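Note that the numbering runs from 1 along the sequence shown for the chain. None of these values were measured; they are calculated from a predicted model.
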Amino acid sequence: MKAARIHAFGGPEVLMYEDVPDPAPGPGQVVIKTYAIGVNPYEAYQRGGNYGPMEFPKVLGADASGEISALGEGVTRFSVGDRVYTVGSLSGAYAELILADAATQVYPLPPNILAAKGAALNVPYGTSYYGLFLRAQARPGETVLVHGASGGVGIAAVQWALSRGLTVIGTAGTPEGVTLVEEQGAHLVLNHKEDGYLDRVTEFTGGSGVNIVLEMLANVNLGKDLKVLSKRGRVVVIGSRGPVEIDPRDTMGRDASILGMSLSNASPEEVKAIHAAIYAGLQNDTLRPIIGSEIPLSEAARAHREIMESSAYGKIILVP
Ligand code: NAP
């Protein structure tokens, strides 16, 4: 089979499209023939060496959709041909075939969902669910600012929040991104590249501020987020690419909280709950993954350039 692997840390050019032996399933494992593979910023950080040592060569990637092509001994939960998506894997997702643990890394794809969209589920919808409902404990009737709503995690966050009766303010950095977030049904959409855009948040909330901020770029925004929070407001730091200075006094008068998070901290029970909620949301059409661009797996390096450098518009997926 073909896979995109790295043999050393480095820039996007270290992603090599090459022949790799087909995986064979051991007990409790399955092989999945991929339809589409989700590209996440995390994989670009990993490729650059930001997350510490790894064994080379390494196939990156956690999110894919596909169909079961082989079953290991004892696997009864799936049959060959079942449409599924992955939540991590044993062998890496940037590949034509993926080896995965059947009990923990594979979830069924509802029949109404196009195959490609299954690659946009795990990290985007899992992260936004974990941030919004498990870290911020969002409640119906609250207002959330999705700061960076045009990308994979942001679009998912907007859809989750609307499905639970929150008022949603989203931001994007381009007119196309603004339109995309508006199309999801957000109540107010702002361009985070315009001067003074956060004044509109204060105006929109009648001066009381938002209950929750889901922050995709905390190194740029955390200080400003604290100023648009309501009393007992919570900022969830989902993404950050460096240090930032804040005024701690902005948290004091508000009893505000800054909550860090990593999806990898979700417990097995939380992961199960997240994917049960994803299945239900896909079935009832409140969750609608948006694929912004499809790139051949052989051009994984281009996908890594785009995820880090271009303006976001839903998910980037790789197609084998
Ligand atoms: P993505 O698809 O590349 O989207 C990035 C988002 O950030 C876009 O909406 C982008 O908007 C926005 N953005 C850019 N500049 C901004 C600014 N100055 N202010 C506010 N937003 C800005 O990435 P993603 O997959 O959604 O992930 C978002 C972040 O979360 C990444 O840093 C990722 O590493 C992190 N993440 C963390 C976890 C975790 O467990 N903590 C899990 C998944 C992802 P425009 O491009 O329209 O400007």
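- Using a 4.5 Å heavy-atom cutoff, the side chains of Arg302 and Pro296 are in contact.
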Evaluate side-chain contact (heavy atoms from CB on, under 4.5 Å) for Val106 paired with Val30, printing each intermediate quantity in order.
CA-CA 9 Å; Val106 188; Val30 292; 3.8 Å; yes
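- Rounding to the nearest 0.5 Å places CD1 of Ile68 at 8.5 Å from OG of Ser79.
- Side-chain contact between Leu145 and Leu198 is present, with at least one heavy-atom pair separated by less than 4.5 Å.
- Thr127 is linked by a side-chain hydrogen bond (donor to acceptor under 3.5 Å, both in side chains) to nothing, counting only residues two or more places apart in sequence or in another chain.
- For the pair Asn112 (side chain) and Leu282 (backbone), a donor-acceptor distance under 3.5 Å is present.
- When the ring-ring contact (aromatic ring centres under 6.0 Å, His included) test is applied to Tyr45, no partner is found at least two apart in sequence or on another chain.
- Counting all heavy atoms, side chain and backbone alike, Ser128 lies closest to Ala156 at OG-CB, 3.3 Å.
- The hydrophobic cluster containing Phe133 also contains Val87, counting ILVMFWY residues as joined when their side-chain heavy atoms lie under 4.5 angstrom apart, directly or transitively.
- Applying the side chain to side chain donor-acceptor pair (under 3.5 Å) rule to pairs touching residues 309-320 yields Asn40-Lys315, sequence neighbours excluded.
- Between Gly151 and Ala312, the shortest heavy-atom distance links the atoms CA-CB, 3.7 Å.
- With sequence neighbours excluded, the residues satisfying salt bridge (charged side-chain N to carboxylate O under 4.0 Å, His left out) with Glu142 are Arg139, Arg234.
- The environment of Arg200 atom CZ is sparse: at most 12 non-hydrogen atoms of other residues, nucleotides or ligands sit within 6.0 angstrom.
- Listed here is the closest heavy atom pair of Val75 and Ala102: CG1-CB, 3.9 Å.
- Between Val146 and Met216, some side-chain heavy-atom pair lies under the 4.5 Å cut-off.
- Under the 4.5 angstrom side-chain criterion for Ile, Leu, Val, Met, Phe, Trp and Tyr, the cluster partners of Ile291 are Ile317, Val319.
- Not counting sequence neighbours, Phe78 has no partner by the ring-ring contact (aromatic ring centres under 6.0 Å, His included) test.
- Within the 4.5 Å cutoff, no side-chain heavy atoms of Pro57 are placed close to those of Met16.
- Checked by atom type and distance alone, the side chain of His187 never pairs as donor or acceptor with a backbone atom of Ile169 at under 3.5 Å.
- Applying the side chain to side chain donor-acceptor pair (under 3.5 Å) rule to pairs touching residues 11-35 yields Lys2-Asp19, Arg5-Glu18, His7-Glu18, Tyr35-Glu67, sequence neighbours excluded.
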Working for side-chain contact (heavy atoms from CB on, under 4.5 Å), residues Leu109 and Tyr279:
CA-CA 7 Å; Leu109 202 54; Tyr279 195 92; over 6 Å; no
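- Side chains of His147 and Leu217 form no contact here, defined as non-hydrogen atoms less than 4.5 Å apart.
- Classified by interplanar angle (parallel below 30°, tilted 30° to 60°, perpendicular above 60°), the ring pair Phe56/Phe9 is perpendicular.
- Both Val158 and Leu214 sit in one connected hydrophobic cluster of ILVMFWY residues. Membership requires side-chain heavy atoms under 4.5 Å apart, directly or through other members.
- For residues 166-183, the set of pairs meeting the salt bridge (charged side-chain N to carboxylate O under 4.0 Å, His left out) definition, not counting sequence neighbours, is empty.
- Partners of Tyr130 under the ring-ring contact (aromatic ring centres under 6.0 Å, His included) rule, at least two apart in sequence or in another chain, do not exist in this structure.
- Among residues two or more places apart in sequence or in another chain, the ring-ring contact (aromatic ring centres under 6.0 Å, His included) test is passed with His275 by Tyr85, Tyr107.
- With hydrogens and angles disregarded, no donor-acceptor distance shorter than 3.5 Å links the side chain of Arg83 to the backbone of Pro108.
- Minimum heavy-atom separation, Thr86 to Asn122: O-CB, 3.4 Å.
- Grouping the Ile, Leu, Val, Met, Phe, Trp and Tyr side chains by contacts below 4.5 angstrom, directly or via other members, places Tyr42 apart from Val153.
- In this structure, Tyr197 is a member of the same hydrophobic cluster as Val210, with clusters built from ILVMFWY side-chain heavy atoms closer than 4.5 Å.
- Separating the CD1 atom in Ile32 from the OG atom in Ser89 is a distance of 8.0 Å, to the nearest 0.5 Å.
- Without hydrogens or angle criteria, Asp63 side chain to Ala120 main chain gives no donor-acceptor distance under 3.5 Å.
- Note on Val220: it does not cluster hydrophobically with Val228, by side-chain heavy-atom contacts below 4.5 Å among ILVMFWY residues.
- Atom NZ of Lys224 is surrounded by more than 12 heavy atoms from other residues, nucleotides or ligands within 6.0 Å.
- Side-chain contact check for Val213 versus Val236: every heavy-atom pair is 4.5 Å or farther apart.
- No donor-acceptor pair closer than 3.5 Å links the side chain of Ser230 to the backbone N or O of Gly209.
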Thr251 vs Leu229, side-chain contact (heavy atoms from CB on, under 4.5 Å): CA-CA, chis, key distance, verdict
CA-CA 9 Å; Thr251 65; Leu229 271 188; over 6 Å; no
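- Note that the CZ atom of Arg232 and the CD1 atom of Ile212 stand 14.5 Å from one another [nearest 0.5 Å].
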Stepwise side-chain contact (heavy atoms from CB on, under 4.5 Å) check, Thr171 with Val189
CA-CA 5 Å; Thr171 77; Val189 186; over 6 Å; no
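- No donor-acceptor pair under 3.5 Å is formed between the side chain of Trp160 and the backbone N or O of Leu132.
- Inspection of the Tyr94 and Glu43 side chains reveals an N or O donor paired with an N or O acceptor under 3.5 Å.
- For residues 242-252, the salt bridge (charged side-chain N to carboxylate O under 4.0 Å, His left out) pairs, not counting sequence neighbours, are Lys227-Asp250.
- Here the shortest heavy-atom pairing between Pro12 and Arg305 reads CG-CG, 3.6 Å.
- Remark: Thr179 OG1 to Gln184 CD distance equals 11.0 Å, nearest 0.5 Å.
- Shown here for Leu166 and Ala138, the closest heavy-atom pair between the two residues is CD2-CB, 3.9 Å.
- Pairs of residues two or more places apart, or lying in two chains, never qualify as salt bridge (charged side-chain N to carboxylate O under 4.0 Å, His left out) while including a residue from residues 98-108.
- Going from atom CG of Leu188 over to atom CZ of Phe204 covers 5.5 Å, rounded to the nearest 0.5 Å.
- Interatomic distance, CD1 of Ile274 versus OG of Ser267, reported as 8.0 Å (0.5 Å rounding).
- Residues Ile98 and Val31 are not in side-chain contact: their nearest non-hydrogen atoms beyond the backbone lie 4.5 Å or more apart.
- Under a cut-off of 6.0 angstrom, the local environment of CE in Met54 is crowded, with over 12 non-hydrogen atoms contributed by other residues, nucleotides or ligands.
- Taking the side chain as every heavy atom from C-beta outward, Val39 and His304 approach each other to under 4.5 Å.
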